[in-house]
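Model, not experiment: these values are computed from the prediction. In listed order, ligands and their atoms are each counted from 1.
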Amino acid sequence: MINSIPIREEAGSKDVEKEKDFDFFYFVQQWPGAYCDTERSCCYPTTGKPEADFGIHGLWPNFNNGSYPADCDPNNPYNQSEISDLVSDMEKEWPTLSCPSNNGTKFWAHEWNKHGTCSEHVLDQYAYFQTNLDLKKKADFLNALKTAGIEPNGTFYSLDKIRDAIKSGIGYTPGITCNVDASGNCQLHEIYLCVDTCGSRLIECSLFPDGKCNSEIEFPSF
Ligand code: AMP
C-alpha cells in the first residue's frame, strides 16, 4: 500500500519536498437494504431503524492509480467530544448497521481513523464530519432515482438507467457497486461520487470502483 507519493516542488532557489497526499476523494453512500439483506444480515442502531434512505459510508482520499492511503495518523484518533453538535445529524444521515446493535461511534471512528486521518491537513475532524453531512445534502440519490421512476421495492433495473438517473439528478456520473443478497441476487449496494481535494466541490471521476454489478440489478426495499 502506497501511503504518499513525494513530489518535488521548486520554491525560489530552494527545492522543497512536498507530500502529495492524495488525488481526489470518493464520497460513498450506501443503500441500507443492500447491507441488511445479505447472509451476514445487520443490526439497527440503538436509536432505532434508520429512514429508508441512502446513508453515508464515508469520504475516502484516493490516488489516481486506484490505490489509497489508510490509517495515516494514529496520534489523532477519533474524538467524539470534538463533534458533539454533529452527532444527532450523523445518527440520521450516517447510520450504523453492524452487529451487535450500537450507537454508531464504532463506524464513525473507523471512517475517521482509516480515511479521515489521511486528509487531516485539509479537513480536521470537525470539518471531515461536517463535509460528509454537506455532501449528503448535495447528493440526494433517492430523490434522483425516484424522479426517474426507480423505486426501492425489489424491482430489477438496468445499471445504465440507474447511472443515467443519478447523472441527471446530481450532475455527475456515479460509480455504482453491487453486492449479493441471501438468495443470490445482484443488487445496488453503494454509490460513489468524486470530490476535489478540498472536499468542497463534486467533480467528474477519472476512475471508478470495480462495481461487480450485472447489467440488470435489484433495488431492494428497506
Ligand atoms: P471501509 O473500511 O471504510 O471500506 O469500510 C468497510 C467497513 O465498514 C467494513 O468493516 C464494513 O462492515 C463497515 N461498514 C460498512 N457499512 C457499515 C454500516 N452501515 N454500519 C457499520 N459498519 C459498516
Side-chain angles (χ1 to χ4, degrees), residues 1-3 21-63 65-74 76-78 80 83 86-120 123 125 128-129 131-133 135-136 139 141-142 152 174-182 187-195 199 205 207-213 219-222:
M1 173 74 57
I2 303 168
N3 258 333
D21 300 279
F22 62 102
D23 296 315
F24 63 90
F25 285 109
Y26 280 129
F27 174 59
V28 184
Q29 292 186 53
Q30 173 187 73
W31 179 247
Y35 187 96
C36 288
D37 73 357
T38 60
E39 270 175 18
R40 177 205 50 216
S41 188
C42 76
C43 294
Y44 296 153
T46 41
T47 42
K49 182 178 176 178
E51 243 180 76
D53 189 11
F54 284 85
I56 297 169
H57 187 160
L59 183 64
W60 302 344
N62 220 84
F63 295 119
N65 70 5
S67 73
Y68 61 89
D71 299 308
C72 295
D73 188 359
N76 184 14
Y78 179 75
Q80 195 151 306
I83 56 163
L86 300 180
V87 166
S88 65
D89 284 348
M90 286 161 59
E91 284 170 348
K92 180 166 178 291
E93 308 295 350
W94 202 331
T96 183
L97 292 166
S98 61
C99 297
S101 185
N102 65 95
N103 65 7
T105 300
K106 198 168 149 233
F107 185 29
W108 303 327
H110 170 81
E111 292 300 307
W112 168 258
N113 294 335
K114 178 173 175 184
H115 303 285
T117 55
C118 299
S119 53
E120 65 187 7
L123 302 172
Q125 239 177 102
Y128 180 78
F129 288 98
T131 297
N132 273 278
L133 294 168
L135 287 167
K136 170 83 168 47
F141 294 146
L142 191 59
I176 295 173
T177 66
C178 293
N179 67 359
V180 173
D181 74 10
Q187 60 184 359
L188 174 59
H189 180 215
E190 295 192 313
I191 302 184
Y192 290 52
L193 291 175
C194 290
V195 178
C205 292
L207 181 74
F208 290 104
D210 174 15
K212 301 195 167 62
C213 294
F219 192 9
S221 60
F222 178 64

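- Residues satisfying the side-chain contact (heavy atoms from CB on, under 4.5 Å) criterion with Asp181, sequence neighbours excluded, are Asp37, Ser183, Asn185, Gln187, Glu218.
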Polar pairs, ligand 1 vs protein, N/O only, below 3.5 Å.
residue  : atom   : partner : partner atom : Å
ligand 1 : 2 (O)  : His110  : NE2          : 2.7
ligand 1 : 2 (O)  : Lys114  : NZ           : 2.7
ligand 1 : 3 (O)  : Glu111  : OE1          : 3.4
ligand 1 : 3 (O)  : Glu111  : OE2          : 2.7
ligand 1 : 3 (O)  : His115  : NE2          : 2.7
ligand 1 : 5 (O)  : His57   : NE2          : 2.9
ligand 1 : 16 (N) : Gln30   : NE2          : 2.9
ligand 1 : 19 (N) : Gln30   : OE1          : 2.8
ligand 1 : 19 (N) : Pro95   : O            : 3.4
ligand 1 : 20 (N) : Leu97   : N            : 2.8

Determine, step by step, whether Cys194 and Cys205 satisfy the disulfide bond (SG atoms under 2.5 Å apart) criterion, reporting the C-alpha distance in whole Å, the side-chain angles of both residues, the deciding distance to 0.1 Å, and the verdict.
-> CA-CA 5 Å; Cys194 290; Cys205 292; 2.1 Å; yes
Enumerate, atom names and distances included, each donor-acceptor pair closer than 3.5 Å involving a side-chain atom of residues 53-60, sequence neighbours excluded.
residue : atom : partner : partner atom : Å
Asp53   : OD2  : Lys136  : NZ           : 3.0
His57   : ND1  : Glu190  : OE2          : 2.6
His57   : NE2  : Glu111  : OE2          : 3.4
Trp60   : NE1  : Glu111  : OE1          : 2.8
Trp60   : NE1  : His115  : NE2          : 3.4

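- Applying the side chain to side chain donor-acceptor pair (under 3.5 Å) criterion to Tyr78, with sequence neighbours excluded, gives Gln80.
- The aromatic rings of Phe129 and Trp112 are tilted relative to each other, their planes meeting at an angle between 30° and 60°.
- Nearest approach of Ala139 to Phe27, heavy atoms of both residues: CB-CE2, 4.4 Å.
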